[in-house]
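Within every chain, numbering begins at 1; the chains are lettered A, B, ... in the order of the sequence lines, protein sequences first and strands thereafter.
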2 protein chains.
Amino acid sequence: MNKVGIKEIAAKANVSTATVSYVLNGTRNVRPKTRERVVKVIEELNYRPNDIAKSLKSRRTNTIGVIAEDVTVFNVPEIIDGINEFADKHDLHIILTNLRLHRRVGHNYSNVDAYRKYAESAVSDLLSKQVEGIIYIGVHPRDVTGLINTYGKPIVYTYCYTDQNVSIQYNDEQASFDAMQYLVKQGHKRIAIISGLMDSTPSRLRFNGYYKAVTEFQLPFNPQYIKIGDWGLDSGYRLTKELLTLSEPPTAVLVMNDVMAVGTLRAADECGCQIPRDLSVVGFDNREFSDYLNPRITTMDLPLHEMGYSSMSMLTGLINEKEVKQEEQPLCRLLERESVAPPRQE
Amino acid sequence: MNKVGIKEIAAKANVSTATVSYVLNGTRNVRPKTRERVVKVIEELNYRPNDIAKSLKSRRTNTIGVIAEDVTVFNVPEIIDGINEFADKHDLHIILTNLRLHRRVGHNYSNVDAYRKYAESAVSDLLSKQVEGIIYIGVHPRDVTGLINTYGKPIVYTYCYTDQNVSIQYNDEQASFDAMQYLVKQGHKRIAIISGLMDSTPSRLRFNGYYKAVTEFQLPFNPQYIKIGDWGLDSGYRLTKELLTLSEPPTAVLVMNDVMAVGTLRAADECGCQIPRDLSVVGFDNREFSDYLNPRITTMDLPLHEMGYSSMSMLTGLINEKEVKQEEQPLCRLLERESVAPPRQE
DNA sequence: CTGTTAGCGCGTTCAG
DNA sequence: CTGAACGCGCTAACAG
């Protein structure tokens with residue numbers, strides 16, 4: 001296998017191992033003639049330096065540990081892609097640990113103790129592997145303070161946060177406000193909201209954005225327009241039906257994720273309510289299918305790639321002990337498609 | 001940082017470094033009293049052995065390199081999850097390299113030279129990192145012979161293949177045959193097919209399965225029932241319209257992916273053709289959205305997780321130089337949902 | 001059986 | 001340009 005080492009090269013080229021090392025790294029001048037001889041042998045034997053040995057001496061591994069709570073969740077691959085882009089540019093490698101939380105503990109994230117052992121062993125393994133820093137990717141934005149201890153090794157959280165560490169999160173409140181502003185600009189006033197579970201951070205923040213818009217644009221505030229769902233398709237369906245049967249139904253609805261928006265479409269269809277003519281819909285997440293529905297739904301695209309990239313940028317800052325200041329939160333972007341129109345004249 | 005090493009432990013516990021090592025690894029008997037003393041110091045200092053140093057001596061890294069052509073493609077995360085499950089069970093670590101092919105070279109996979117440099121550098125880096133084997137995950141099943149050279153290091157391909165190496169692929173032909181058999185059992189005879197591009201391996205294999213079923217079940221073979229799409233929604237839409245305007249339209253259609261099946265649904269809707277009453281539809285891939293459509297479409301689920309798991313199992317076999325025999329191809333599984341019904345009596 | 005000493009793995013790098 | 005120490009943990013050989 002890869003048995004050829006620096007000393008074979010040295011022997012075959014009639015030089016010392018030191019010289020070979022200098023040639024490999026350009027660390028010092030070597031007489032061109034000697035260098036050529038060495039280079040030739042290196043190529044002939046297809047020599048490849050052993051990073052393990054290298055790391056031992058240099059105390060640098062150029063490796064970042066990435067802990068993903070679950071890679072099969074829709075937002076994670078794109079975050080990883082952003083991490084990879086940064087890693088490529090800066091010659092860093094990624095050791096990926098997948099906690100597989102969905103399969104192991106279901107949706108019971110609130111019970112941190114159920115998976116602390118997995119997280120801790122992941123961290124421990126990564127520290128043993130001498131990673132230079134860690135990125136922790138949650139499956140759902142929430143507080144994970146106290147979940148793990150990296151013993152001083154830099155860590156950046158994304159898609160979740162702690163009260164002590166750097167974390168990268170998109171601006172949820174702004175996103176929801178932007179969506180509302182867009183609807184208002186289209187002429188809507190009676191705007192309903194279907195939220196996710198209210199014990200979740202994104203729900204709270206998005207509701208803040210909604211409320212802020214209601215205040216700022218002086219929209220009618222009608223508690224009947226506020227519906228609390230559970231992120232699932234069925235809740236979107238049920239709550240939309242409730243909205244449509246109000247004596248004064250809304251002309252638009254902001255739905256906090258695309259999955260519930262599917263329920264909204266279905267409910268509207270059954271009620272003979274045409275989207276967007278009779279009801280405008282804005283979703284959240286830009287799930288792939290949101291572009292395959294009929295009508296294609298207008299939705300907020302999450303800056304996932306950017307979050308991954310920023311996490312790495314932040315992390316490398318911490319590793320080099322530069323002072324890092326928490327950056328601006330990445331922003332969501334509204335994707336205008338077919339599910340929004342001006343309200344009908346009454 | 002993690003400066004504490006085995007010798008500090010040894011010093012603080014008044015033993016030699018050898019003893020500490022024995023305690024850590026249970027490699028030899030140590031008097032309980034001594035052991036306790038050592039263990040206590042280890043815990044106090046929160047000592048964690050340096051895997052880098054360990055690997056240098058043992059020449060084992062317990063690390064597998066995974067090269068994914070693109071982690072953002074729908075099938076890849078689930079394959080990685082399967083890899084992780086195996087890795088967890090066997091105490092292996094994963095170094096992930098994401099080639100980011102979509103972003104870098106678009107869909108132009110046939111031009112291998114456009115991305116060979118990325119693949120080669122990925123392999124080279126992984127070899128330097130002393131991985132014990134490599135798994136290469138394609139984005140689309142195809143022949144990648146000659147793309148890379150691992151210089152004898154074991155490699156397993158999945159979701160693509162070469163003419164020399166072990167590869168894990170699901171049984172595409174069987175899947176398509178099974179889908180047909182299911183339709184036949186429901187009473188269908190006039191069954192159309194909308195394929196993907198015909199230069200792709202899955203298209204060919206799936207067509208084989210279709211053809212085999214036509215022969216075996218003695219179905220009417222009508223060339224007008226054979227439509228060649230391009231995997232995109234629009235082609236599914238257009239070709240379905242063509243099918244529906246035939247003088248003798250099919251009662252069922254096998255669509256080679258769920259994306260085109262969305263087009264089928266849309267076309268049917270526009271033609272006043274009710275699914276499944278007037279036309280049964282079977283899709284392929286079990287994309288997440290296939291469960292959100294109306295009707296929810298019956299589709300073939302790909303054994304992605306299993307493919308990842310098998311790849312690892314195969315790879316560890318190769319690493320331990322056991323003879324590995326190419327296993328049975330993992331099978332797809334039909335997910336019965338709402339888009340298939342018996343044909344109407346005429 | 002328990003504990004110690006010392007050399008090794010593979011490159012890097014300083015003194016010569 | 002070379003010799004040799006070094007990083008950190010493992011382990012063979014040896015001692016009590």
Side-chain angles (χ1 to χ4, degrees), chain A residues 1-42 45-63 124-132 153, chain B residues 1-42 45-63 124-125 127-132:
Chain A
M1 213 79 35
N2 217 19
K3 297 211 171 216
V4 27
I6 204 172
K7 57 197 162 319
E8 278 101 310
I9 307 291
K12 285 227 160 77
N14 276 314
V15 292
S16 71
T17 60
T19 306
V20 178
S21 175
Y22 294 137
V23 169
L24 280 166
N25 303 303
T27 326
R28 240 173 62 177
N29 273 344
V30 177
R31 191 162 14 113
K33 238 181 150 177
T34 318
R35 179 208 309 292
E36 263 182 55
R37 215 165 61 235
V38 174
V39 168
K40 203 170 147 210
V41 178
I42 287 176
L45 301 192
N46 200 271
Y47 169 71
R48 218 178 289 285
N50 181 333
D51 275 355
I52 297 290
K54 225 160 154 161
S55 297
L56 183 57
K57 180 112 239 270
S58 68
R59 312 182 116 283
R60 302 219 53 193
T61 54
N62 292 319
T63 301
S124 177
D125 286 351
L126 290 175
L127 292 180
S128 285
K129 284 252 172 226
Q130 311 299 114
V131 297
E132 302 187 0
K153 188 72 71 177
Chain B
M1 211 75 39
N2 218 18
K3 299 213 171 219
V4 27
I6 204 174
K7 57 198 162 321
E8 279 101 310
I9 307 292
K12 286 227 162 77
N14 276 315
V15 293
S16 71
T17 62
T19 305
V20 178
S21 176
Y22 293 137
V23 169
L24 280 167
N25 304 300
T27 328
R28 237 177 64 176
N29 272 345
V30 176
R31 199 176 350 129
K33 237 181 156 176
T34 318
R35 176 207 312 292
E36 262 182 58
R37 215 166 60 235
V38 174
V39 168
K40 201 170 151 210
V41 177
I42 288 175
L45 300 193
N46 200 272
Y47 168 71
R48 219 176 288 287
N50 181 332
D51 275 354
I52 298 289
K54 225 161 155 161
S55 297
L56 184 58
K57 178 113 241 270
S58 66
R59 312 181 116 285
R60 303 219 53 196
T61 54
N62 293 320
T63 302
S124 178
D125 286 351
L127 292 181
S128 284
K129 285 252 171 222
Q130 311 299 115
V131 298
E132 302 187 359

query: Between B:Gln130 and A:Asp51, is any pair of side-chain heavy atoms under 4.5 Å apart?
result: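 No, their side chains stay 4.5 Å or more apart.
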message: Quick one, B:Leu45 and B:Ile9 - any side-chain contact, counting heavy atoms below 4.5 Å?
response: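 Yes - at least one pair of side-chain heavy atoms lies under 4.5 Å apart.
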Looking only at heavy atoms, which two atoms of [X] and [Y] are closest? And how far apart?
X: B:Leu24; Y: B:Tyr47; value: CD1-CE2, 3.6 Å
X: A:Pro49; Y: B:Ser128; value: O-OG, 3.4 Å
X: B:Val20; Y: B:Ile6; value: CG1-CG1, 3.5 Å

- prompt: For B:Arg60, which residues count as a salt bridge (charged side-chain N to carboxylate O under 4.0 Å, His left out) partner, sequence neighbours excluded?
  reply: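 Here the qualifying residues are B:Glu132.
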Return all side-chain donor-acceptor pairs below 3.5 angstrom for residues 30-42 of chain B, not counting sequence neighbours, or 'none' if the list is empty.
| residue | atom | partner | partner atom | Å |
| --- | --- | --- | --- | --- |
| B:Arg37 | NE | B:Ala13 | O | 3.0 |
| B:Arg37 | NH2 | B:Ala13 | O | 3.1 |

- prompt: What integer distance in Å separates B:Asn62:CG from D:dC10:P?
  reply: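 It is 13 Å, rounded to the nearest whole Å.
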- request: Round to a whole Å and report the spacing from CD of A:Glu8 to P of C:dC10.
  value: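 Between P of C:dC10 and CD of A:Glu8: 9 Å.
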message: I need the B:Asn62 CG to A:Lys129 NZ distance, nearest 0.5 Å.
response: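 Here the interatomic distance stands at 6.5 Å.
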message: Strictly under 4.0 angstrom, non-hydrogen atoms only: write out the protein contact profile of nucleotides 11-16 of chain C, one letter per nucleotide from the 5' end, B, S or -.
response: BBBBB-
query: Which comes earlier along DNA chain C counting from the 5' end, the contact point of B:Leu56 or that of B:Asn14, where each point is its nearest nucleotide?
result: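 That would be B:Asn14.
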Residues which pass side-chain hydrogen bond (donor to acceptor under 3.5 Å, both in side chains) with B:Ser124, listed by chain and number, not counting sequence neighbours: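 Partners of B:Ser124 under the side-chain hydrogen bond (donor to acceptor under 3.5 Å, both in side chains) test: A:Arg48.
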Angle of first-five versus last-five pair axes in the helix from C:dC1-D:dG16 to C:dG16-D:dC1, to 10 degrees: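 It comes to 50° between the two terminal axes.
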query: side chain to side chain contact (heavy atoms under 4.5 Å, CB included) between B:Lys54 and B:Asn25: does it pass, once the steps are laid out?
result: CA-CA 11 Å; B:Lys54 225 161 155 161; B:Asn25 304 300; 4.0 Å; yes
- prompt: Counting only non-hydrogen atoms, which of residues 30-42 of chain B are less than 4.0 Å from DNA chain C?
  reply: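 Residues of residues 30-42 of chain B that come under 4.0 Å of DNA chain C are, in numerical order, B:Val30, B:Arg31, B:Thr34.
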